[in-house]
Amino acid sequence: MADTPQAGATSSIEDQIRLREQKADLLREKGVQPYGNGIVVPHTTGFVRIRHADDDAAQLEEDQSEPYGIAGRVVALRTMGKATFLSLRDRTGDLQVFVKKDKVGDQAYEVLKLTDLGDIVFARGRAMRTKTGELSIEATEYRLLTKALRPLPEKWHGLTDHETRYRQRYVDLSASLQVREIFLRRTELIAGIRRFLEDLDFVEVETPVLHKPEEAGGAAARPFATHHNALDLDLKLRIALELHLKRLIVGGLERVYEIGRVFRNEGIDRRHNPEFTMLEFYQAYATYEDLTALTETMVSRLATEVTGADEVTFQGVKIKFAPPWPRTSMLGEVAKLYGAAGTQPQQLDALARLSAGQWLAPVEDRQMREKFARLVSSGEKIAWAFEALVEPMLPKDRPIFVVDFPLEISPLARKRDSEPRLVDRFEAFAGGMEIANAFSELNDPRDQEARFRAQVEAAARGDQETMPWDRDYIRALEHGMPPAAGEGVGIDRLAMLFTDSPSIRDVVLFPLLKPEESH
RNA sequence: GGGAGCGUAGCUCAACUGGCAGAGCAAUGGACUCUUAAUCCAUAGGUUGAAGGUUCGAUUCCUUCCGCUCUCACCA
């Protein structure tokens with residue numbers, strides 16, 4: 001075989017792959033294993049960068065410490081005959097490597113000449129500064145560890161096509177340090193949640209993902225169906241963590257949390273992926289009021305830990321997470337809009353007397369108007385009016401707690417002692433998204449039975465997002481669940497807020513896409 | 001599921017009113033021992049998402065399909 005690939009080669013992707021395969025063969029002929037293993041990599045680029053951040057060229061020249069050994073992907077390559085600069089990227093970032101033929105030797109330089117953008121390489125050498133001042137490794141040893149057969153995206157614009165970024169996340173992550181940062185922040189967010197809750201004496205648990213049909217409740221959503229062959233058992237993928245975690249509260253664990261994937265068989269959009277990550281935590285002897293304080297403290301601290309500040313810019317709007325967060329009353333705001341004055345019971349009475357025409361009068365949106373026809377209870381109508389008329393007006397520069405939820409849309413929440421048509425519940429909104437939902441837990445087994453009955457009746461009317469009647473959960477409550485409060489937090493949405501990502505797909509490593517074969 | 005937009009070389013993008021499908025980066029050959037969007041000379045790279053239609057002629061116009069993005073609905 002010739003020493004170098006021949007001129008006249010073409011550059012379609014197939015040809016580029018073939019050329020790189022030929023280079024791998026040439027490396028083998030030179031005794032270099034293009035997919036070797038077992039190399040010891042003693043340092044990261046970040047280690048070198050930090051250690052020599054303040055050293056000038058003269059100081060580095062006097063440095064007599066052992067040479068550094070780093071490995072990573074070649075993301076830039078500039079050759080000037082017998083000297084080459086390459087940018088090497090490892091998990092900590094990039095560092096320039098300066099390879100001179102007279103320093104590494106002829107054979108290593110031949111290997112270098114067979115190196116392509118995207119290859120994984122190893123370099124050993126002392127730190128130095130180039131004449132323009134860039135910290136670099138001056139290689140005395142150069143090895144190729146992995147031959148890449150496909151080219152990297154264009155160096156200046158990178159990979160911008162969303163579809164390719166999501167389908168080939170490995171390319172996206174290789175090409176973009178910003179994308180890496182997003183996912184590192186997501187990881188830091190989850191670690192921060194664990195630290196925060198562990199400090200409060202919560203224990204992390206794992207509950208089943210595979211639910212029997214009667215267990216697949218805890219939220220208003222349609223589940224995915226699956227099947228266990230050996231038991232010949234139809235199963236659902238969980239839509240929430242709630243009912244199992246509360247069984248653990250019955251069992252006396254008192255403070256539990258789970259961070260886990262849940263699955264909802266519904267539409268996909270900027271805020272929704274069919275599988276997403278929820279934090280749910282339950283605390284015995286706490287009320288939903290306690291959880292407002294916990295939530296604003298936790299989220300504000302997470303914002304600081306993940307982004308460096310408790311003020312975050314999301315899609316051009318600054319959001320201040322520092323406690324206390326403002327509150328708004330779902331009942332109160334709706335009552336105000338419909339002229340229902342007085343105490344909460346009086347407001348509820350007045351709203352219950354409204355005719356369909358009166359409810360619909362202030363709502364212009366056609367689809368919201370159509371949706372009204374499907375509503376049965378007064379509580380559903382209050383939530384509907386809040387969504388149509390109040391939610392769009394919520395402040396954008398702060399998270400906000402919405403309180404005073406009606407009973408009918410809260411089948412697992414405790415009734416308020418002062419007004420049993422309401423429940424002790426809040427939802428937290430930020431950046432136009434619901435980020436948390438919490439309530440004092442319903443622990444009266446007979447009341448819970450009545451709520452399940454209402455769900456089953458709603459299902460009979462055609463509602464597809466009702467909860468099943470979970471008899472074992474009732475049995476658990478019959479054993480006595482201490483008074484408790486619990487909360488669910490959408491991890492993906494916090495990740496969006498803390499990385500200024502417009503789509504959930506930007507914070508999920510491998511979002512669900514339709515198959516690509518059929519393009 | 002409804003509506004709007006987009007799909008051209010490995011990547012990022014052009015192509016006027018329907019008239020030979022082009023550039024930069026990447027690639028290939030050559031020069032170059034301090035470059036950093038390296039530079040210089042040369043070369044090559046296309047089923048224009050797919051199928052059909054209109055037309056002398058389609059990247060361009062029409063139909064259907066596929067995928068993505070935005071949006072509405074559902075939801076967290």
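In what follows, chains are A, B, ... by sequence order, proteins preceding strands, each numbered from 1.
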Exercise for the section: State which residues pass salt bridge (Lys or Arg N to Asp or Glu O under 4.0 Å) with A/Glu188; sequence neighbours excluded, sorted by chain then number. Expected result: A/Arg195
Exercise for the section: Nearest whole angstrom, please: distance from the P of B/C34 to the CG of A/Leu77. Expected result: 16 Å
Exercise for the section: Choose from B/U35, B/U71, B/C74 the nucleotide whose nearest atom is closest to any side-chain atom of A/Glu134. Expected result: B/U35
Handout entry: Pairing nucleotide - B/U48, Watson-Crick or G-U, each distance under 3.5 Å
Key = none
Output side-chain donor-acceptor pairs under 3.5 Å for residues 399-409 of chain A, partner residues at least two apart or in another chain, one line each.
from: A/Asp404; atom 1: OD1; to: A/Arg416; atom 2: NH1; distance (Å): 2.7
from: A/Asp404; atom 1: OD1; to: A/Arg416; atom 2: NH2; distance (Å): 3.1
from: A/Asp404; atom 1: OD2; to: A/Ser329; atom 2: OG; distance (Å): 2.7
from: A/Asp404; atom 1: OD2; to: A/Gln344; atom 2: NE2; distance (Å): 3.1
from: A/Glu408; atom 1: OE2; to: A/Gly379; atom 2: N; distance (Å): 3.4

Completion exercise
d(A/Ser136 OG, A/Leu60 CG) to nearest 0.5 Å is 9.5 Å
Problem - Spacing between A/Glu163 atom CD and B/U69 atom C1', to the nearest angstrom - result: 10 Å
Problem - Closest listed nucleotide, where the reference is the side chain of A/Asp102 and the choices are B/U33, B/A73, B/U69 - result: B/U33
Problem - Aromatic-base stack, A/Phe276 on B/A76, cutoff 5.5 Å, angle under 30 - result: yes
Exercise for the section: Go along nucleotides 8-14 of chain B 5' to 3' and tag each nucleotide: B for a protein heavy atom under 4.0 Å from its base, S when only backbone or sugar atoms are that close, - otherwise. Expected result: --BBSS-
Handout entry: With A/His157 via ring-ring contact (aromatic ring centres under 6.0 Å, His included) - residues at least two apart
Key = none
Practice task
Describe the nucleic acid contact of A/Ala220 in one word from base, sugar-phosphate, nothing, applying a heavy-atom distance below 4.0 Å.
Solution key: sugar-phosphate
Problem - Whole-Å P distance, B/C61 and B/C6 - result: 9 Å
Practice task
State the pairing partner of B/G24; accept Watson-Crick or G-U wobble contacts with both distances under 3.5 Å, and report none otherwise.
Solution key: B/C11
Practice task
Quick one: label A/Asn437 by what it contacts on the DNA or RNA (base, sugar-phosphate, nothing), any heavy atom closer than 4.0 Å.
Solution key: nothing
Completion exercise
Contacts of A/Ile268 and A/Arg78 projected onto RNA chain B by closest heavy atom; the upstream (5') one is A/Arg78
Exercise for the section: Could you name each residue pair satisfying salt bridge (charged side-chain N to carboxylate O under 4.0 Å, His left out) that touches residues 257-278 of chain A, not counting sequence neighbours? Expected result: A/Arg238-A/Glu258, A/Arg261-A/Glu275
Practice task
Give a yes/no answer on whether the side chain of A/Lys23 brings an N or O atom under 4.0 Å of OP1 or OP2 in B/U28.
Solution key: yes
Practice task
Output the single nucleotide from B/C68, B/A76, B/U35 whose closest atom is nearest the side chain of A/Gln96.
Solution key: B/U35
Practice task
Return each pair, listed once, that meets salt bridge (charged side-chain N to carboxylate O under 4.0 Å, His left out) where at least one residue sits in residues 105-115 of chain A; pairs must be two or more places apart or across chains.
Solution key: A/Glu110-A/Lys113
Handout entry: Rounded interatomic separation in angstrom, taking CD from A/Gln168 and C1' from B/C68
Key = 14 Å
Practice task
For the pair A/Arg185 and A/Glu181, find out whether any cationic side-chain nitrogen is under 4.0 Å from an anionic carboxylate oxygen.
Solution key: yes
Completion exercise
pair_partner(B/G5), Watson-Crick or wobble, both distances < 3.5 Å, evaluates to B/C68
Handout entry: Who pairs with B/U59 - Watson-Crick or G-U, where each distance is under 3.5 Å
Key = none
Exercise for the section: Consider the side chain of A/Asp269, meaning its heavy atoms from C-beta on, and name the nucleotide among B/C70, B/C68, B/A73 that approaches it most closely. Expected result: B/A73
